[in-house]
2 protein chains.
Amino acid sequence: MTTSTREQFLAAAEQLFADKGFYGASIATIARKLGLTKQALLHHFGNKEKLYGEVLRALSERLAANNAAIRQRYPDPAEQLEEMLLAQFRGQMKNQDSARLIMRELLDNEQRADRAGNWYLKDYLEELVSTVQSVNSSYSRARALAVVYQLLGAAHYFAVSQPTLDNIFGKRQMAITRGCFEEQLRRLIRAALA
Amino acid sequence: MTTSTREQFLAAAEQLFADKGFYGASIATIARKLGLTKQALLHHFGNKEKLYGEVLRALSERLAANNAAIRQRYPDPAEQLEEMLLAQFRGQMKNQDSARLIMRELLDNEQRADRAGNWYLKDYLEELVSTVQSVNSSYSRARALAVVYQLLGAAHYFAVSQPTLDNIFGKRQMAITRGCFEEQLRRLIRAALA
DNA sequence: TTGACAGCTTACCATGCGGTAAGTACATTG
DNA sequence: CAATGTACTTACCGCATGGTAAGCTGTCAA
């Protein structure tokens, strides 16, 4: 299993952007992780903004692929939605870099000239919204979006806060909380759709 | 109503930290907003990290004061919790700088040497957790934290995403969604405690 | 064998960063 | 009137940043 230099750059960049944000991460530091110079990075990606865009694109493709798989496996829309949200939660708990990266993009994309990630997020959200609507057809699009966002927020916020929460409440306490979080989240999802 | 230079610095800093994050915001830019030089700022706050800490402290004091007022006004814990969460949501929708600032702190505080904001957030969270426990005494501390965090996340995530959502779905659609968000949130809060 | 290209390197540059040092202008106080 | 302190300024520093330019090396096709 050989990973191309390009892919290694993308992986290293994802981690550093997640840790420090777009401004805080430097391309020289990313390159140093592979033992290369920043000019090697620039050779592959042109500039920092484009690198960031590619990282985001790769991430959103992974998200979309997951949802597509779930949509295939489960016929019932209510199950689909529940599984999509829970899968996304589990994924973000496992790969917290991706969770933090999306959160940062939510915060930053207005600031940066090129709004690289907007449109990928859009597709992802639209899919969830329309799934909610097919579960509960009395919900307007606007209300379905509110529901989706609350559930997404409940999960994403927690995933992103893990290091801070470990700091505040201690690892032991948080291990227990993590243990019951998913069950509680499932409850919340069902309540929101009832 | 004269605001001291110091207070003006804090206000300007809050805004810029919220916009660009700790790394992205420069003290020179903050000072320029008041027509002063960065050395004036350094005169008042010593260094960037301390300025950031003071901004966070001021913010957390506002949060604590709001909660204290609610705790006084409402005798019933269930009402207290609902009002605290909704008040926090409304506050964050009105002052989105503060919402983004807290979110950024959640993401960044592990990275920065001095973890300025940890302990303020701690008090705030503990208060909510213990309120949940007095509403539903069958919840363990760990489970109460899970519940609190889900509800907090549902609200905070939405507040923080406003500019991005406006971009994706358009201002009209989002105005409608904002209109039904709070009612939906209230439903979610009650469901989580039942 | 030559030419082109991919994948790097070193060298360099202007800009902006946080921070120090030293000084100025002005008000308050002994 | 002198001393002290506050609220600023200009001047400067060393360093890291994103990006450009030019060149080196190996591969591969004509």
Side-chain angles (χ1 to χ4, degrees), chain A residues 1-58 101 104-105 108-109 111-117, chain B residues 1-58 101 104-105 108-109 111-117:
Chain A
M1 149 139 185
T2 50
T3 37
S4 68
T5 302
R6 207 190 135 85
E7 279 163 341
Q8 286 179 273
F9 270 132
L10 284 173
E14 174 166 348
Q15 197 190 106
L16 207 75
F17 281 136
D19 278 354
K20 306 223 184 192
F22 181 78
Y23 299 109
S26 88
I27 53 175
T29 307
I30 294 167
R32 223 175 295 131
K33 285 207 216 179
L34 319 197
L36 296 176
T37 64
K38 68 176 169 177
Q39 284 73 15
L41 190 157
L42 289 173
H43 171 70
H44 285 283
F45 296 95
N47 63 37
K48 190 184 184 180
E49 197 81 43
K50 284 180 190 163
L51 166 66
Y52 182 79
E54 297 246 13
V55 169
L56 235 50
R57 195 173 53 82
L101 198 60
R104 298 203 115 107
E105 173 58 15
D108 285 339
N109 84 70
Q111 293 296 318
R112 289 198 335 282
D114 157 13
R115 299 162 187 173
Chain B
M1 147 127 190
T2 52
T3 36
S4 67
T5 302
R6 207 190 134 86
E7 280 164 339
Q8 284 179 274
F9 270 133
L10 285 172
E14 175 166 346
Q15 197 190 105
L16 207 77
F17 282 136
D19 279 354
K20 307 224 183 191
F22 181 78
Y23 299 109
S26 87
I27 54 175
T29 307
I30 295 168
R32 225 176 293 132
K33 285 209 216 179
L34 319 196
L36 296 176
T37 64
K38 69 176 169 179
Q39 285 72 15
L41 191 158
L42 289 173
H43 170 70
H44 285 284
F45 297 95
N47 63 37
K48 190 185 185 180
E49 197 81 44
K50 284 181 190 164
L51 167 66
Y52 182 80
E54 297 245 13
V55 169
L56 235 52
R57 196 172 52 82
L101 198 60
R104 298 203 114 106
E105 173 59 15
D108 286 337
N109 84 71
Q111 293 297 318
R112 291 196 335 282
D114 157 12
R115 297 157 190 178

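The side chain to side chain contact (heavy atoms under 4.5 Å, CB included) search around A:A11 returns none, not counting sequence neighbours. For B:T5, there are no side-chain hydrogen bond (donor to acceptor under 3.5 Å, both in side chains) partners two or more places apart in sequence or in a different chain. Taking the salt bridge (charged side-chain N to carboxylate O under 4.0 Å, His left out) definition, one finds that A:R57 meets it with A:E54, A:E61, sequence neighbours left out. Listed by chain and number, the residues in a side chain to side chain contact (heavy atoms under 4.5 Å, CB included) with A:Q8 are A:T3, A:L34 (sequence neighbours excluded). Qualifying side chain to side chain contact (heavy atoms under 4.5 Å, CB included) partners for A:A58, counting only residues two or more places apart in sequence or in other chains: none.
Under the 4.5 Å side-chain criterion, counting only non-hydrogen atoms from C-beta, A:F17 is not in contact with A:L56.
Residues from residues 32-48 of chain A placing a heavy atom under 4.0 Å of any atom in DNA chain C, listed by number, are A:L36, A:T37, A:Q39, A:A40, A:H43, A:H44. Of the residues in residues 9-17 of chain A, not one places a heavy atom less than 4.0 Å from an atom of DNA chain C.
Sorted by first then second residue, the ring-ring contact (aromatic ring centres under 6.0 Å, His included) pairs that include residues 30-51 of chain A, not counting sequence neighbours, are A:F9-A:H44. Pairs of residues two or more places apart, or lying in two chains, never qualify as salt bridge (Lys or Arg N to Asp or Glu O under 4.0 Å) while including a residue from residues 22-36 of chain A. Under the salt bridge (Lys or Arg N to Asp or Glu O under 4.0 Å) criterion, the residue pairs touching residues 14-25 of chain B are B:E14-B:R62, B:D19-B:R100, with sequence neighbours excluded.
Looking at heavy-atom distances under 4.0 Å, B:A31 makes no contact with the nucleic acid at all.
Of all nucleotides in DNA chain C having an atom under 4.0 Å from a heavy atom of chain A, the first and last in 5' to 3' order are C:dG7 to C:dA11. Counting 5' to 3', DNA chain D first comes under 4.0 angstrom of a heavy atom of chain A and last does so at the ends given by D:dT17 to D:dA21.
One distance of note links CD1 of A:I30 with NZ of A:K38; it measures 12.0 Å at 0.5 Å rounding. Taken to the nearest 0.5 Å, the OG1 atom of A:T29 stands 6.0 Å off from the CG atom of A:L16.
Counting all heavy atoms, side chain and backbone alike, B:K48 lies closest to B:Y23 at NZ-O, 3.9 Å.
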